[in-house]
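Input: a single structure, listed below in structure tokens.
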2 protein chains.
Amino acid sequence: MLPYSCGLDAAADVIGGKWKPRILWALHHGPMRFGELRREIAGVTEKMLIQQLRELESRDIVHREVFHQVPPKVEYSLTELGQSLNVALAPLDAWGAEHIAVLEASRAG
Amino acid sequence: MLPYSCGLDAAADVIGGKWKPRILWALHHGPMRFGELRREIAGVTEKMLIQQLRELESRDIVHREVFHQVPPKVEYSLTELGQSLNVALAPLDAWGAEHIAVLEASRAG
DNA sequence: TCAGGTACTGACCGAAAGGTAAGTAATGCT
DNA sequence: AGCATTACTTACCTTTCGGTCAGTACCTGA
């Protein structure tokens with residue numbers, strides 16, 4: 001596999017995937033349980049959520065903590081790396097929010 | 001189709017696609033011809049390049065200017081919106097560049 | 001007359017991403 | 001015994017994405 005061609009290339013690889021930005025955004029305010037995330041992120045299925053969470057975990061963006069209880073409890077939170085990513089993502093979110101009207105209008109549909 | 005859930009969601013929709021970040025980055029320094037872009041962006045095919053350029057054009061991120069000559073000449077450049085997007089992308093690029101070693105290491109392929 | 005350069009276009013194909021739906025394990029509650 | 005809760009897991013299918021390859025139009029210069 002070719003090395004990343006630039007920082008943007010690397011970042012895109014990390015946040016690529018339909019639900020990753022939403023997950024990052026949801027975890028912005030602190031740790032959340034699996035079920036909380038599922039309810040917070042409208043439209044995501046359990047399979048997809050877990051898949052994307054695992055990918056983020058393997059990249060050291062989110063941390064997974066299991067509480068050995070019944071019924072089970074698992075909390076997901078941002079690592080330091082994940083928090084720094086979220087900071088870097090903020091301007092992009094602001095850009096999208098600022099131009100959301102024109103972006104909605106030019107959408108493929 | 002559901003509306004964008006946040007600015008990040010909208011931005012991701014615009015820059016989603018394998019070659020779009022590379023194209024944006026390449027156009028950062030000024031207008032480029034189709035052939036120049038193709039040579040600049042290693043690995044891209046003509047079909048893919050044009051497809052992604054058209055998508056960016058329809059979103060008003062890049063501008064396409066045809067010079068009626070033979071052989072043909074077409075120049076692509078960033079619109080104002082495109083330039084503002086590139087500005088918003090800069091921190092993300094910096095983030096990727098800063099953590100590129102660890103990101104390469106945790107990569108799937 | 002014919003190769004060469006430039007910017008596309010279109011048919012076809014395989015891989016990857018995403019979605020649906022059903023099942024699993026452990027325990028407490030009634 | 002049977003149901004609820006929570007966090008997954010698995011098999012299977014559809015859709016989207018990206019890639020290969022061949023072809024087009026136009027004029028120039030040999």
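Residue numbers start from 1 in every chain, and the chains themselves are labelled A, B, ... in the order their sequence lines are given, proteins ahead of strands. This one's a predicted model, so the numbers in the text were calculated from it and none came from an experiment.
Look at A:Q52 and you'll find a side-chain N or O under 4.0 angstrom from OP1 or OP2 of C:dG18. Taking 4.0 angstrom as the limit, A:K18 places a side-chain polar atom (N or O) nearer than this to OP1 or OP2 of C:dG19. Under 4.0 angstrom from either OP1 or OP2 of D:dT6 there lies no side-chain N or O belonging to A:R39. In this structure, B:R33 does not reach the C:dC8 phosphate: none of its side-chain N or O atoms is under 4.0 Å from OP1 or OP2. For the OP1/OP2 pair of C:dT9 and a distance below 4.0 Å, the side-chain nitrogens and oxygens of B:R54 include at least one atom meeting the criterion. Side-chain nitrogen and oxygen atoms of B:R38 include none within less than 4.0 Å of the OP1 or OP2 phosphate oxygen of C:dT6.
Ring geometry for B:W25 versus B:H28: interplanar angle under 30°, hence parallel rather than tilted (30 to 60°).
Distance, A:F34 CZ to C:dA25 C1': 15 Å, rounded to whole Å. Rounded to an integer number of Å, the gap from CD of B:E65 to P of C:dT6 is 19 Å. Distance, A:K73 NZ to C:dG28 C1': 17 Å, rounded to whole Å. Here C:dC8 presents its P atom at 11 Å from CG of B:L37, a figure rounded to the nearest Å. Counting to the nearest Å, the P atom of C:dG18 and the CZ atom of A:R22 are 13 Å from each other. Atom pair B:E46:CD and D:dG23:C1' shows a separation of 12 Å (rounding to whole Å applied). At whole-Å resolution of the value, CG in B:L53 and C1' in C:dT9 are 15 Å apart. C:dA17 atom P lies 18 Å from atom CG of A:L49, rounded to whole Å.
Remark: A:R107 qualifies as a cation-pi partner of B:Y4 under the 6.0 Å distance and 45° angle criteria applied to the six-membered ring.
At a threshold of 4.0 angstrom between heavy atoms, the contacts of B:F67 with the nucleic acid are absent.
Taking a 6.0 Å sphere around CD of A:Q69, one finds it holds more than 12 heavy atoms contributed by other residues, nucleotides or ligands.
Between B:K47 and A:P71, the residue anchored closer to the 5' end of DNA chain C is B:K47, taking for each the nucleotide with the nearest heavy atom. Of the two residues near DNA chain C, A:V70 and A:T45, the one whose nearest nucleotide lies more 5' is A:T45.
Closest non-hydrogen pair, A:D93 versus B:G7, comes out as OD1-N, 3.1 Å.
In this structure, B:E55 pairs ionically with B:K20, as a charged nitrogen and a carboxylate oxygen lie closer than 4.0 Å.
Of the listed nucleotides (C:dC8, D:dG19, C:dG5), C:dC8 has the atom at the smallest distance from the side chain of B:R64.
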